[in-house]
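These numbers come from a predicted model, not from an experiment. To find a chain, count down the sequence lines: A is the first, B the second, and so on, and within it residues start at 1.
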There are 2 protein chains.
Amino acid sequence: MAHDDVHPVSLACGDCPIRHRAVCARCETDELEELESIKYYRSFEAGQTVIWSGDKMDFVASVVSGIATLTQTLEDGRTQMVGLLLPSDFVGRPGRESATYNVSATTDILMCCFRRKPFEEMMERTPHIAQRLLQMTLDELDAAREWMLLLGRKTAREKIASLLSIVARRDASIKLRTAAGRMTFDLPLTREAMADYLGLTLETVSRQISALKRDGVIELEGKRHVTVPDMDRLLIEAGDDSDGGFLV
Amino acid sequence: MAHDDVHPVSLACGDCPIRHRAVCARCETDELEELESIKYYRSFEAGQTVIWSGDKMDFVASVVSGIATLTQTLEDGRTQMVGLLLPSDFVGRPGRESATYNVSATTDILMCCFRRKPFEEMMERTPHIAQRLLQMTLDELDAAREWMLLLGRKTAREKIASLLSIVARRDASIKLRTAAGRMTFDLPLTREAMADYLGLTLETVSRQISALKRDGVIELEGKRHVTVPDMDRLLIEAGDDSDGGFLV
DNA sequence: AACGCGAATTGACCCAAATCAAGTGGCAAC
DNA sequence: GTTGCCACTTGATTTGGGTCAATTCGCGTT
């Protein structure tokens with residue numbers, strides 16, 4: 001809303017290396033200063049848990065660098081990833097005391113946190129923050145629903161292809177992008193994390209990646225470095241109507 | 001925020017039999033009048049499609065009565081339900097030209113629509129509408145993520161038990177509720193719709209319902225009328241940590 | 001009463017992915 | 001250079017749920 005057409009990514013918050021998506025820079029000044037006064041940084045090592053589901057969470061935050069995951073678990077240990085947090089993504093929610101999910105660092109991460117109470121108060125005084133958060137939340141909701149289709153109806157091979165095309169889209173845009181449909185990127189997740197995301201076992205993930213490699217849909221260098229010779233082919237394997245604008 | 005503690009359901013909009021959750025009644029007057037001026041009603045018969053994914057959608061709306069569903073499909077026809085709309089639920093989104101999902105009427109429904117453009121303009125002038133919509137969207141996001149856990153990691157039996165406990169929670173609260181954990185309600189969905197919701201086939205749904213009946217977890221009268229003799233038992237079958245506050 | 005029809009059930013069989021189990025490869029520590 | 005560890009791969013086997021097909025159950029129509 002407000003200034004969205006001018007600078008769609010929104011942003012702002014002084015000296016952060018990335019620009020947070022929650023706040024609009026054109027409305028800066030007072031708000032920006034206020035935001036500065038309630039923020040602080042926290043870093044976590046790969047594998048560490050940022051917060052456990054049910055714990056008190058007195059901040060909201062933005063991922064500055066690294067990758068984190070949101071997961072849910074059943075008592076017997078079955079776990080399902082419900083969100084992947086990449087730099088600039090927002091975590092936590094105004095108006096909720098405690099965390100709903102486990103948040104874990106997949107790589108080393110740096111988070112920019114804002115104390116929750118002051119942030120909430122600020123949000124009440126500053127309409128466009130709520131409007132911007134609404135847009136972001138609606139996008140996340142779309143991504144979650146796209147994921148529901150994947151979890152409920154896609155085959156293992158389609159699931160893997162979908163995940164690869166999402167990572168390619170988010171990651172490879174800033175990396176080397178040689179010919180027309182050729183893309184190269186690193187998988188930021190272990191096979192187990194991929195399995196938790198896709199509702200599969202890690203063995204099935206491994207087998208399907210091998211199968212895609214054997215069939216020439218992808219090329220592998222080591223275990224993590226992937227080259228997709230033909231993105232269109234991958235998208236067909238993913239089973240989407242090629243538009244595919246998900247996981248924003 | 002604003003008045004949430006006073007009347008958590010929010011609401012308002014003149015003569016509607018239900019009160020919409022998007023607007024706060026304590027702030028009425030001008031807004032209420034304005035809201036009246038941009039609203040109109042539409043009704044649909046059971047089985048009709050309200051809107052197709054990708055179609056232009058120039059309104060947002062609230063379900064007044066009846067049940068509608070949000071679904072997504074792959075080209076080959078596989079379909080996944082991504083949302084269940086019960087009375088008072090909100091459909092459509094400010095800031096989006098076209099529909100993202102298919103919306104269909106499961107029963108006869110009445111919807112209260114607001115023309116989108118004026119609604120958006122009003123939202124910009126009236127901060128608490130955006131704030132309220134944000135809360136609702138966050139709740140939907142939680143529900144969607146809870147559903148991801150179900151789709152990705154639960155067995156067919158657990159899926160059915162989960163769906164039954166959700167319907168029981170949303171429906172039976174207003175119906176007869178005899179002894180402690182005893183509940184009675186009607187299933188608002190066909191076996192096929194349940195299958196689309198749960199990521200199963202209709203045969204599996206049927207078999208698992210029969211199994212739950214055989215095992216005394218539920219009692220059936222006809223095909224749609226269900227009695228749960230012991231809600232706790234059902235919740236255990238659903239595999240949740242009994243709290244289970246999902247699908248709001 | 002007979003018919004038609006869509007919704008639901010039930011059975012027989014099959015297959016994709018889970019499970020169980022045995023490697024392989026890379027890399028850091030001593 | 002050997003050891004240990006962890007991430008990953010690959011194989012053999014099992015199984016939960018899908019597929020295909022045959023009924024059955026209601027229920028409105030004529």
Side-chain angles (χ1 to χ4, degrees), chain A residues 45-47 67 69 74 76-80 104 106-107 150-164 186-215 218-226 237 239, chain B residues 45-48 67 74 76-80 104 106-107 150-164 186-215 218-226 237 239:
Chain A
E45 286 171 27
I67 290 169
T69 61
L74 266 7
D76 62 6
R78 282 175 284 176
T79 97
Q80 175 67 48
S104 322
T106 290
T107 62
L150 176 146
L151 290 171
R153 296 300 188 194
K154 287 190 179 177
T155 64
R157 173 183 263 243
E158 290 170 332
K159 286 179 177 183
I160 298 287
S162 299
L163 179 58
L164 291 177
D186 285 311
L187 280 173
L189 301 172
T190 65
R191 299 291 186 262
E192 188 180 19
M194 293 173 68
D196 285 343
Y197 207 172
L198 300 170
L200 298 171
T201 60
L202 67 91
E203 293 95 330
T204 299
V205 170
S206 181
R207 272 188 257 272
Q208 294 298 333
I209 288 180
S210 299
L212 288 175
K213 182 179 161 192
R214 174 170 39 72
D215 298 347
I218 59 171
E219 291 155 23
L220 265 183
E221 224 176 305
K223 285 136 195 312
R224 297 292 194 88
H225 193 75
V226 179
E237 291 284 351
Chain B
E45 286 171 27
Q48 266 190 305
I67 290 168
L74 266 5
D76 61 6
R78 282 175 284 175
T79 97
Q80 174 66 49
S104 322
T106 291
T107 63
L150 176 146
L151 290 171
R153 294 303 188 193
K154 287 190 178 177
T155 65
R157 174 183 262 242
E158 289 170 332
K159 287 179 176 182
I160 298 288
S162 299
L163 179 58
L164 292 176
D186 285 309
L187 280 173
L189 301 172
T190 65
R191 299 290 186 263
E192 189 179 20
M194 293 173 69
D196 285 342
Y197 208 171
L198 301 171
L200 298 171
T201 59
L202 68 91
E203 293 95 329
T204 299
V205 170
S206 182
R207 273 188 257 271
Q208 293 299 334
I209 289 181
S210 299
L212 288 174
K213 181 178 162 192
R214 174 170 39 73
D215 298 347
I218 59 171
E219 290 155 23
L220 266 183
E221 224 176 303
K223 284 140 196 310
R224 297 294 194 88
H225 193 75
V226 179
E237 292 283 353

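Interatomic distance, CG of A:L187 versus NE2 of A:H225, reported as 10.0 Å (0.5 Å rounding). Rounding to the nearest 0.5 Å gives a distance of 4.5 Å between CZ of A:R157 and CG of A:D215. Here the CG-OG1 distance, from A:D196 to A:T69, works out to 8.5 Å after rounding to the nearest 0.5 Å.
Taking atom CD of residue B:E221 and atom P of nucleotide D:dC25, one finds them 17 Å apart after rounding to whole Å. Following rounding to the nearest Å, A:L150 (CG) and C:dA17 (P) show an atom-to-atom distance of 12 Å. Note: CD (B:Q208) to P (C:dA8) measures 16 Å, nearest angstrom.
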Footprint string (nucleotides 4-11 of chain D, 5' to 3'): B base within contact, S backbone only, - free, heavy atoms under 4.0 Å: ----SBBB
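The shortest distance between side-chain heavy atoms of A:M194 and A:L202 does not fall below 4.5 Å.
An OP1 or OP2 oxygen of D:dG17 is reached within less than 4.0 angstrom by no side-chain nitrogen or oxygen of B:T201.
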Using a cutoff of under 3.5 Å, can you pull out all pairs of nitrogen or oxygen atoms linking the protein to nucleotides 13-16 of chain C, with atom names and distances?
none

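In the helix from C:dA1-D:dT30 to C:dC30-D:dG1, the terminal helix axes, each the rotation mapping four pairs' C1' atoms onto the next four within five end pairs, subtend 30°, rounded to 10°.
Looking at A:R78, its side chain does come within 3.5 Å of a backbone N or O of B:R153 through a donor-acceptor pair.
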